[in-house]
Amino acid sequence: MDLFNEMAKAVIEGDEEKTVSLAQEALAKGVDPMEAIEKGFAEGMKEIGRLFEALEIYLPQVIISAEAMTAGVDLFRQHLLSKGGETSQKTVLLGTIQGDVHDIGKNIVKIMLESNGFKVYDLGRDVPVFDFIEKVKELRPDIVGVSALMTTTMVHMPKLIEALQESGLRDQVKVMLGGAPVLPEWAKKVGADGYGESAMEAVRVAKKLVGLSSEGERA
Ligand code: B12
């Protein structure tokens, strides 16, 4: 679909006005927001990642593209929230782990979970393990969802699981991990209950973890 290519291109060019107007166009045409995010905007961000890794572009360009993507994704989020919908009363505490400011993927996971009836408490990015633990105590969520985009920060994920154990909270909450460097085998090895490769999978896994669906395997 041409629209998805245009959306990817707008992210690559870091054109915020364009990402917003294309998101509006997608909604007007009745395109599924999640499909548009995954096949449009996220494809553009993948290409940015490739160009950055090939040293063809520099950090400021990545930042501009990230901002353009965020603006487009926000428009979809407002639309999905305004539609309301059923809520399962199941809760997810979500955040990007400490030392890591990457939050685009985490924000997409949040939108997907919200539009599938979960109540999401978003701790934001660069969230210390300690803050996760304090919020689990306070909010008693069904699931803790943790994102990491760097090999240097994903190492805090097992620390979070250990801290949950030490605080006597591990049996009361499911842990779901995600983010580009996280692999399913690793998530399982460090004791997570679930892993999601994409935002769509995050929803499938979250539903399974809280007993709302029977599909899928344990991470
Ligand atoms: C955009 C970006 C940035 C932006 C982030 C803006 C933002 N608000 O997020 C900016 C410019 C700020 C940035 C900064 C840096 N970045 Co950067 N960045 C990227 C880039 C290009 C894209 C990431 C992205 O948004 N992808 C798109 C989203 C949609 O995908 P995603 O995050 O994977 O999320 C999906 C799934 O993983 C999953 N998911 C995600 N989270 C979760 C959580 C759960 C629970 C579940 C179930 C699923 C799930 O669902 C999502 C949607 O489908 C990547 C390259 C790449 N190839 O990934 C580098 C990359 C991640 N960055 C990298 C680096 C090194 C940095 C910097 C250190 C650069 C620097 N020299 O300063 C800083 C880090 C600062 C810090 N302390 O965090 C490296 C990391 C290398 C490593 N060690 O592993 C990468 C891989 C680039 C590279 N090859 O060098 N970056």
Side-chain angles (χ1 to χ4, degrees), residues 7-8 11-12 14 16 19 33-74 76-77 92-113 116 118 120-128 132 141-157 160-161 173-184 186-188 190 192-209 216 219:
M7 292 172 90
V11 168
I12 294 165
E16 193 170 319
T19 52
M34 282 324 298
E35 198 182 349
I37 291 173
E38 298 262 358
K39 295 187 180 165
F41 292 150
E43 285 302 315
M45 192 46 76
K46 265 192 212 157
E47 177 61 7
I48 285 293
R50 194 194 64 74
L51 293 170
F52 183 60
E53 276 155 40
L55 305 177
E56 285 178 42
I57 58 167
Y58 297 98
L59 206 54
Q61 285 157 284
V62 181
I63 295 173
I64 292 167
S65 287
E67 282 169 356
M69 170 147 179
T70 301
V73 169
D74 265 359
F76 283 127
R77 179 166 186 264
V92 181
L93 181 68
L94 192 64
T96 302
I97 199 75
Q98 72 187 54
D100 201 323
V101 304
H102 298 89
D103 65 356
I104 295 175
K106 184 266 295 166
N107 292 341
I108 297 175
V109 169
K110 174 182 174 180
I111 296 172
M112 259 315 252
L113 289 169
N116 279 276
F118 285 89
V120 180
Y121 298 102
D122 185 2
L123 294 179
R125 53 194 188 175
D126 188 10
V127 182
F132 272 105
D142 296 288
I143 299 173
V144 180
V146 193
S147 181
L149 257 289
M150 300 198 289
T151 48
T152 47
T153 57
M154 62 189 271
V155 294
H156 297 299
M157 289 171 151
L160 170 59
I161 296 174
V173 69
K174 302 287 183 192
V175 178
M176 177 170 77
L177 304 182
V182 180
L183 296 173
W186 185 81
K188 191 174 179 178
V190 300
D193 301 295
Y195 158 84
E197 194 194 2
S198 66
M200 302 222 186
E201 222 189 298
V203 172
R204 264 199 302 277
V205 173
K207 283 188 174 172
K208 169 109 195 310
L209 291 178

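Basis for what follows: all heavy atoms, side chains included, without hydrogens, waters or symmetry-related copies. Whatever order the structure lists ligands and atoms in, that order sets their numbers, starting from 1. Keep in mind that this is a model prediction, so the values were computed, not measured.
Between Gly99 and ligand 1, at least one pair of N/O atoms sits closer than 3.5 Å. For the pair Ala199 and ligand 1, the shortest N or O to N or O distance falls below 3.5 Å. In terms of polar-atom proximity, defined here as any N/O pair under 3.5 Å, Tyr195 makes no such contact with ligand 1. Looking at ligand 1, you won't find any N or O of Gly145 less than 3.5 Å from one of its N or O atoms.
In terms of protein heavy-atom proximity, atom 41 (N) of ligand 1 is nearest to Ser147 OG, 2.8 Å. Protein heavy atom closest to atom 34 (O) of ligand 1, with residue, atom name and distance, is Gly105 CA, 3.3 Å. Remark: minimum distance from atom 38 (C) of ligand 1 to any protein heavy atom is reached at Glu197 O, 3.5 Å. Protein heavy atom closest to atom 39 (N) of ligand 1, with residue, atom name and distance, is Gly179 N, 3.6 Å. With respect to atom 57 (N) of ligand 1, the closest heavy atom belonging to the protein is Glu53 OE2, 3.3 Å.
The presence of a protein heavy atom under 4.0 Å from atom 27 (C) of ligand 1 is confirmed. Distance check for atom 1 (C) of ligand 1: a protein heavy atom is found below 4.0 Å. For atom 79 (C) of ligand 1, the nearest protein heavy atom lies 4.0 Å away or farther. Checking atom 67 (C) of ligand 1 against the protein gives no heavy-atom contact under 4.0 Å. When distances from atom 20 (C) of ligand 1 to the protein are checked, no heavy atom turns up under 4.0 Å. Per-atom contact check: atom 52 (C) of ligand 1 touches the protein, criterion being a heavy-atom distance below 4.0 Å.
Close approach of ligand 1 to Met45 is summarised as follows: ligand atoms under 4.0 Å from at least one heavy atom of the residue are 1 (C), 24 (C), 25 (O), 26 (N), 27 (C). Against a heavy-atom cut-off of under 4.0 Å, Ile108 is close to the following atoms of ligand 1: 29 (C). Atoms of ligand 1 lying under 4.0 Å from at least one heavy atom of Gly196, given by number and element, are 46 (C), 47 (C), 48 (C). Taking a cut-off of under 4.0 Å to the non-hydrogen atoms of Arg125, the atoms of ligand 1 that pass are 8 (N).
Ion pair Glu53/Arg50 not flagged as a salt bridge, since none of the NZ, NE, NH1 or NH2 atoms sits closer than 4.0 Å to an Asp/Glu carboxylate oxygen.
Contact annotation for Ala180 and ligand 1: heavy atoms of both the backbone and the side chain come within less than 4.0 Å of the ligand. At a heavy-atom distance under 4.0 Å, no atom of Val205 approaches ligand 1. At a heavy-atom cutoff of 4.0 Å, ligand 1 is contacted by no atom of Thr70, backbone or side chain. Under 4.0 angstrom from ligand 1, the non-hydrogen atoms of Glu38 all belong to its side chain. Heavy atoms of Thr151 found under 4.0 angstrom from ligand 1 belong to the backbone as well as the side chain.
Considering only non-hydrogen atoms, atom 25 (O) of ligand 1 lies nearest to Ile104 out of Thr152, Leu113, Val175, Ile104.
Residue Glu35 qualifies as enclosed at atom CD: its count of foreign heavy atoms under 6.0 Å is above 12.
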(message) For Ile37 and Phe76: C-alpha separation, side-chain torsions, deciding distance, then whether side chain to side chain contact (heavy atoms under 4.5 Å, CB included) applies.
(response) CA-CA 9 Å; Ile37 291 173; Phe76 283 127; 3.7 Å; yes
(message) Show, in sequence, the C-alpha distance, side-chain angles and deciding distance for Asp193 and Met176, and conclude whether the side chain to side chain contact (heavy atoms under 4.5 Å, CB included) test is met.
(response) CA-CA 6 Å; Asp193 301 295; Met176 177 170 77; over 6 Å; no
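Listing protein N, O or S atoms at distances below 2.8 Å from atom 17 (Co) of ligand 1, with waters left out, gives His102 NE2.
In this structure the side chain of Phe41 reaches within 4.5 angstrom of the side chain of Val73, judged on heavy atoms. At a threshold of 4.5 Å between non-hydrogen side-chain atoms, the residues Lys110 and Arg77 count as touching.
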